[in-house]
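Model, not experiment: these values are computed from the prediction. As the structure lists them, so they are numbered: ligands from 1, and atoms in each ligand from 1.
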Amino acid sequence: MSPTPLRAPPAATLAGTIAVPGDKSISHRALMFGALALGETRIAGLLEGEDVLRTAAAMRALGAEVIQDGPGAWRVAGRGVGGLTEPADVLDMGNSGTAARLLCGVLATHPFFSVLTGDASLRRRPMRRVTDPLAATGAGFAAREGGRLPLAVTGTGSALPVDYTVPVPSAQVKSALLLAGLNARGITRVVEPEATRDHTENMLRHFGAAVTVSAEGAGRVIELAGQPELRAGDVVVPGDPSSAAFPLVAALLVPGAEVTLRGVGLNPLRTGLLECLREMGAALTVGAPRIAGGEAVGDLTARSGPLRAVDVPPGRAPSMIDEYPILAVACAMASGTSRLRGLKELRVKESDRLAGTAALLAASGVRTEIAGDDLIIHGTGGPAPGGGTVETHMDHRLAMSGLVLGLASRAGMVVDDAGFIDTSFPGFVALMNGLGARLAAP
Ligand code: S3P
């Protein structure tokens, strides 16, 4: 596909009330759990971004019936735990690390052969973090050098339960092991030294599995009893806080702006960005806090105003791992020097996001340094100069961050390829333009 460059000229202001698309993490899981349950699962608010559509196609290729009834409204007729069947072709997970890694868990404990691949970005990303611990179930994995995709899985029909301490904070690794544990005899035990998003645990419970979660220091111990009968359950997907982050920060930075985002997921393991923005002095309010589909949800209102620098501790990373590029944009226009600590994991996202974020700010005329795993940003205390071009490296979040920076800068910004935004946030351009932006081809 040829790249789609896009320009964000400075916005006069932004105003309005909008809803962002469904949560990506919950959408992937809803389709996978639906396929592993008996009966028909109905999903409302499913994210129809390319990443999730890849998961829908994979679950279909594995024998589940996956039907779209209308916008965001999907039905999955599941095959039961252990009931998926061998796919006739390679499963192409596109740009999605979550889809690929979680599926490795599902496939490990189904007794057939399958092959996973992805686009150039996904084929560069490390998979050993899931395949090494999953091999303890008895599954076999063969991959390219460094454990990279394409990757072949020989699943096992007599899986052993795994007891594993996750070495890096990763909800994907935890979730892959729990999904594999669904079709293992006995108790699968996963220890995470730092708590990460718990959508898998919540959904296991929702579909009727016996799962216990206990706190252990800053982390958690999760125990799952294998071979439950998962019962189909309806899923209401909240708005994705990781997508809401882009219009939210745009509203904080563009002079005179006020934007309300309805129905945003506020799971406490996802709200690190809001904590940082509050520490920076942002005018943020949460309206109508409620529980929807088992997850905390609220309406977020952001109002423009001056921001001050922030020092973000490494322990906050799991609750905002996808939000560092857009937080960095906020820091770029805050007064003072910000330090975002402990960002090692950003190097293995859709791109090397640590380098990509530093380059994005540099392209807009903001002084930035990488010191070890920390990102140091010398804020301009007002609109960044802008005027540069952002290299997005097949990374949707770098693209959206570059565009938001452009809206709040003096000279605007160009991103070299906005095409990947559709992986997580279809309709981003129309939605931002509806608020008053003028995103357009350069
Ligand atoms: C996700 C976990 C995170 C996050 C990704 C979605 C998930 O990845 O970056 O966008 O749905 O479990 P890691 O587990 O690699 O931190």
For [atom], find the nearest protein heavy atom and state the residue, atom name and distance (0.1 Å precision).
atom                    : result
atom 6 (C) of ligand 1  : Thr98 OG1, 3.3 Å
atom 16 (O) of ligand 1 : Lys349 NZ, 3.2 Å
atom 14 (O) of ligand 1 : Ser170 OG, 2.7 Å
atom 4 (C) of ligand 1  : Asp322 OD2, 3.4 Å
atom 2 (C) of ligand 1  : Gln172 CG, 3.7 Å

* Asked: Mind checking whether Ile321 has an N or O less than 3.5 Å away from an N or O of ligand 1?
  -> no
* Any N or O of Ser25 closer than 3.5 Å to N or O of ligand 1 -> yes
* Ion pair Glu65/Arg75, N-O distance below 4.0 Å -> no
* Taking only Lys NZ, Arg NE, NH1 and NH2, and the carboxylate oxygens of Asp or Glu, determine whether Arg197 and Glu295 approach each other closer than 4.0 Å. => no
* Verify salt bridge (Lys or Arg N to Asp or Glu O under 4.0 Å) between Arg270 and Asp240, making sure each step is shown before the conclusion. => CA-CA 10 Å; Arg270 298 285 297 278; Asp240 196 327; 3.0 Å; yes
* **Check: Asp119 side chain, Leu122 main-chain N or O, donor-acceptor pair, under 3.5 Å** => yes
* With heavy atoms under 4.0 Å as the rule, classify the contact between His199 and ligand 1 as side chain, backbone, both or neither. => neither
* Do Val235 and Arg42 touch side chain to side chain, with heavy atoms closer than 4.5 Å? -> no
* If you count the atoms of ligand 1 from 1 in the order shown, which ones are under 4.0 Å from a heavy atom of Ala171? -> 12 (O), 14 (O)
* **side chain to side chain contact (heavy atoms under 4.5 Å, CB included) partner of Thr200, the single match among Arg29, Arg205, His28** => Arg29
* Test applied, side chain to side chain contact (heavy atoms under 4.5 Å, CB included); reference residue, Leu340; option that passes from Asp373, Leu327, Asp311 -> Leu327
* Asked: Should one rank Arg101, Arg197, Lys24, Arg29 by closest heavy-atom distance to atom 12 (O) of ligand 1, which comes out on top?
  -> Arg29
